[in-house]
Every structure is written in structure tokens, then in C-alpha cells.
Amino acid sequence: MEISLEFSGGAELLFDNNKKHDVILPDQKEKWNIKNLLVWMKDNMLRERPELFLQGETVRPGILVLVNDADWELVGELEYEIQSKDRIVFISTLHGG
Amino acid sequence: MDELQLLKDELSKRDAEIAKLKMALQEKEKQLSLRTDVTEEALKPLKQVNKLSNESISRYSRQLILPELGVTGQVKLTNSSVLIVGAGGLGCPSAVYLAAAGIGRLGIVDYDEVELSNLHRQILHTEDRVGMSKSQSVATTCHRLNSGVEYVPYHLALDSCNALPIISQYDIVLDATDNVATRYLLNDACVIAGKTLVSGSALRFEGQLTVYNYENGPCYRCLYPKPPPPQTVTNCSDGGVVGVVPGIIGCMQALEAIKIASGIKSSFGQRMLLFDAIDGTFRCVKLRGRQPSCPVCGDAPTITQLIDYEQFCGAKASDKDKAMNILEKEQRMSAKEYKTILEEKKPHILVDVRQPVELEICQLPNTKTINIPVSSLQKEEKISELRDRINQLKSNGDDKVPIVVVCRRGNDSQSAVNTLKQQLLDNNIEIKDIKGGLHSWSKNVDHNFPQY
Ligand SMILES: [Zn+2]
């Protein structure tokens, strides 16, 4: 399943400083949701310092997740069932001014 | 004789003029007088008007003819007050546009003084005001643009004691701050006081904007119930920022405040604007609604008065870096001691742990410096380069190869010493860092060395 993963606000620094990654999720028995996507990202994409991105089974505080330009809270957070061509964005909140 | 009388008359005329000027000056100074304490007398209620003067009609004519705003909107603006917290990269542009548009009263809070490194983005300050209170500087500049606005500069750090008394005197609040603790403080204070919070932030080439606690929409805590781990937070001093980026976000904060004050609705309640200056994109995303479980704006709030926000966030309520002390005394050397090592040509390895772009700005006079950014200390190829150098020095017969680690201010270098020790696992090396980093080098060894 093809989806696009995007990073901003500095979260991209943990992913080869690349803001957009088109990835193909391998077929698997259970449905892909954000919960197992995060596990897959940790194993396949996150090269160093996972604690700067993840905390337990979810993203660390201060990272906002968007699914197709909407807050993931509106679509079920970790349980959201990923669809082909989805655009999932991870935004690190900025605090500077 | 006539001549004498003439001079006397002239003198008393001038005296009267001087007295008049002094009065006017006093009046102006009073108007711009810095507030450093909330226990000072409360502000008089903003004088409410119901029509515009001829001068105002001329002055605001270009926005008055907009049907969305009109005279009604302008009168509402004149009768409104806005508090800007933070007189920096976001606060400067928002203040100047609110002043220009004719907001009735503009409060500006900042504890800080103007520094040279502020001026690339904090555009209302000037070179001759380095050292002056930032809130005073913003008020002074805005006063020159529009003297019809009432300015209230506060030279103080917003905290759990003074936040509510100040905020409750204003209609709309702008979050133009630079740190996590103050952002939570402002959010909670605005929820408790029932004020809309127009929040902006910026770093590097990116900016974000949201309006919180607006028309039953979410607050900052609804979005971020838990503060970010302190090590994941980057400030402008460490991460850098292009001046125009907070400029754009600050302008948008002013715009949203003007829309709310004049009766046009804000576009960013329950929405967030994401600006990426490298890609040239503005993206607007839909946010969650107000969370019934929110500890401050929810149905059964547990935070009903302000708490200790530095403790809650585990971080100081400023963007100033404080000196860390991780290493033991024996693991550190002064900049002067390192100068001796260089002068005596003592064999050693210097590891600079800053980003490559920072080495372009300045570096210590050592032609064999190894650059391993602190974020790459775990990368094997970097470590093996260092190992090769260690082995070279060992074969020269030197026992205990000295490794010296340096960074900008002497914080990263300390954690780098610990990381390198773990990575190298070599008993024949001795790793130390330079206390105070390049700042100390500039201060204590080479006064011509630049500081950034
Ligand atoms: Zn809330």
C-alpha cells in the first residue's frame, strides 16, 4: 500500500532531513493503522534517537499527527485505519518567536 | 533701557514655552512609562467612543471604505485593547500593524532588553537601543507611527502571580513568546480569564499560527495535554530563524486580532496555519475541537488557578540558555589552558561538536580539528575517523591521548564527552571539554574572536 509520510517543524531532522517520504507498506494480515505504522517507522526509517519521536506506543508529546490535513484526533488517533494514498504528516510544534 | 525690557520679555516668553514643553514631555513620558510591577495602579478603563473624529476618518480612510470593516469596525477597533506577550520576532510586526490599524490600547510585555543579535528579526528596535527594555522600545517606535493609540509597556516576566491581573485588563491576547513554559501559562491564564489567545511561533524556516480558546474551540492544552520533553525543544538561539518568518506569522497574528476586534471572525479557531518558507507553502489544517477532558477548558477542569509552569514543563520560562554542569571539574579545562596546549604544541585531538555551518562562522586555531556534530556522535563513520587519529597519536608513543571537545557555549561539549567515552571505550585516552566553549575563548583568550 502506497502512502506518503511528511515531517515538519524539525521532525524531519530525525528522518534523514527529508520532509517527504513516499513509502510502500508491505502487505500484512492485520489492517494497517497508525499504531503499527509507528512500529514500522521505528524499525525501517528511524535511524537514531527514537525517543525524540516516540514515547511508548505513540508519538512523543509535542508532535501533532495529521491525516490528510486533519488532526488525527478527528479520525481515531492510533486506531485510524490507513487507506492507500493517505498523506500522514508529523509536525513538531514550534515554540520560538 | 528698552533693550533691557525687551530681553526680559523675551526671557519670560521662553520660560513659559519651556514650562509648556516640560509639561508635554511629562505627559508623554507618563503615557509610555514602563510598568515593572502589577501592583501599580490598574489601568483606567479604555475610553469608549461611538464615532470617529475627522482626523481618524482621514487616517483610516483606506480601511474604512472596506465594507467588511467600515466605520462600525473601526469604532470597535478603537474601543478594543490587545496585549502582546513577547516584544521579539513575532511581537514587533504584530505591534506595528495593530498600532497602525488604530487599536485603542496596546499592552506589550517583555522582561528582556534589546541585544544586537535580535535586530535581524525584531525590527522595531534600533541599534542605539541595545540594552533598552524591549517593551519600551516597541512602544516608542509604535508611538511615532500612531500617537493616537495608548501604549502600556510592561518590563517584567509574565508569571503565575501577575498573569491574571494583567491579562484580565485586555480584550485579546497575543502569544508572541519564545518558550514552552510561558505558552502553557498564557493558555491557562487566557482560559481562566475568558480571553481569546492568538498564538504564533517560528523557528528556522517555519512558522505556525492558531487561535485558541475562541468560540468554544480548543485551547493549547486540548492539543498538547503534556509538555514536550525538554531535550526536544529548540529555541531560536540554537536552531536559528530567518527574520522574515516570524515577521509573516506576527503580521498574521495582528491580522487575526484586528479581525476579531473589529467584528470579523477569525479564520483560525480550531485550525492551524503551517508556513514553510523553504517550500513556499501555506497549509491550513483542521484541528480537534475543545476536549471535554481538558484539564483547564474541559467540562470538569482540574486547573482552576495558575500553577508552577517551569516545574510543569521542566524548563525555564525564557529562551536563554543556562550553563549546564554535567562533568566533574577534572574533566574540564579552561579556554586559557587550551591556549597553553596550543602554544606548547602538545599533541592532542580537538573535536568540535558544532554543526558544519557553525564552523564556517569561526573556529579555534587548530588546523587538524575534527568536526563531529553532537547529533552525529553515534555515527560509526565519524567515530572511526576519530579512532584512526587516536591510533596515530598512540603509535607516536604518547600515553593517554588527550582529546579536547569544544562547542559554542560549553553545554553540548559536556554531553559529548560522555557520549564519546561510551562510544570509544578506550582507557588510553583522556577526554576533556573546554569550559564555556568558544564564548569563553572570545572572552578570556582572543577578544577578536567573534561571538554568535
Ligand atoms: Zn483545553
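Convention: sequence-line order gives letters A, B, ...; per-chain numbering from 1.
- Residue contact with chain B, scored on non-hydrogen atoms closer than 4.5 Å, involves the backbone of Ser92(A) exclusively.
- In Asp27(A), the CG atom is not crowded: 12 or fewer heavy atoms of neighbouring residues, nucleotides or ligands sit closer than 6.0 Å.
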**Study point:** Stepwise side chain to side chain contact (heavy atoms under 4.5 Å, CB included) test for Ile88(A) and Trp72(A)
**Key:** CA-CA 9 Å; Ile88(A) 301 173; Trp72(A) 71 333; over 6 Å; no
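- Both the backbone and the side chain of Glu206(B) come within contact range of chain A, with heavy atoms under 4.5 Å apart.
- Salt bridge annotation for Lys85(A)-Glu2(A): present, with a cationic side-chain nitrogen under 4.0 angstrom from a carboxylate oxygen.
- At a 4.5 Å heavy-atom cutoff, the contact between Arg288(B) and chain A is made by backbone and side-chain atoms alike.
- Using a 4.5 Å cut-off between heavy atoms, Leu66(A) touches chain B through its side chain atoms alone.
- In this structure, the portion of Arg283(B) lying under 4.5 Å from any heavy atom of chain A is its side chain and not its backbone.
- Residue contact with chain A, scored on non-hydrogen atoms closer than 4.5 Å, involves the backbone and the side chain of Thr232(B) alike.
- For chain A, no part of Ser199(B) is nearby; none of its heavy atoms comes within less than 4.5 Å.
- A salt bridge does not link Lys286(B) with Asp69(A): none of the charged nitrogens is closer than 4.0 Å to a carboxylate oxygen.
- With a 4.5 Å cut-off on non-hydrogen atoms, Ile63(A) does not touch chain B at all.
- Between Asp279(B) and Lys19(A) there is a salt bridge, with a side-chain nitrogen of the basic residue lying less than 4.0 Å from a carboxylate oxygen of the acidic one.
- The CD atom of Gln270(B) lies 11.0 Å from the CD atom of Glu215(B); values are rounded to the nearest 0.5 Å.
- Using a 4.5 Å cut-off between heavy atoms, Asp175(B) makes no contact with chain A at all.
- Listed options Pro229(B), Gly88(B), Ala176(B), Gly86(B) were ranked by heavy-atom pairs under 4.5 angstrom with chain A; first place goes to Pro229(B).
- Ion pairing between Arg87(A) and Glu6(A) holds under the 4.0 Å rule for side-chain N and carboxylate O.
- Checked against the 6.0 Å centroid criterion, the rings of Tyr224(B) and Tyr184(B) do not qualify as a close aromatic pair.
- Taking the centre and axis of the six-membered ring of Phe312(B), the NZ or CZ atom of Arg221(B) falls inside the cone set by 45° and 6.0 Å.
- Interface summary for chain A: among Leu90(B), Leu203(B), Leu287(B), Ile278(B), the most heavy-atom pairs under 4.5 angstrom belong to Leu287(B).
- Interface check for chain A: of the options Gly250(B), Gly89(B), Ala202(B), Gly289(B), the most heavy-atom pairs under 4.5 Å are formed by Ala202(B).
- Neither the backbone nor the side chain of Asn235(B) comes within less than 4.5 Å of any heavy atom in chain A.
- Across Thr93(A), Leu52(A), Val89(A), the residue that shares the most heavy-atom pairs under 4.5 angstrom with chain B is Thr93(A).
- Using a 4.0 Å cut-off between charged nitrogen and carboxylate oxygen, Glu51(A) and Arg60(A) do not count as a salt-bridge pair.
- Ile249(B) does not touch chain A: none of its heavy atoms, backbone or side chain, sits under 4.5 Å away.
- Within 6.0 Å of atom OH in Tyr111(B), more than 12 heavy atoms from other residues, nucleotides or ligands are found, so the atom counts as buried in its surroundings.
- Of the two parts of Phe275(B), neither the backbone nor the side chain holds a non-hydrogen atom closer than 4.5 Å to a non-hydrogen atom of chain A.
- With chain B as partner, the option from Pro61(A), Ala70(A), Gly62(A) having the largest number of non-hydrogen pairs under 4.5 angstrom is Pro61(A).
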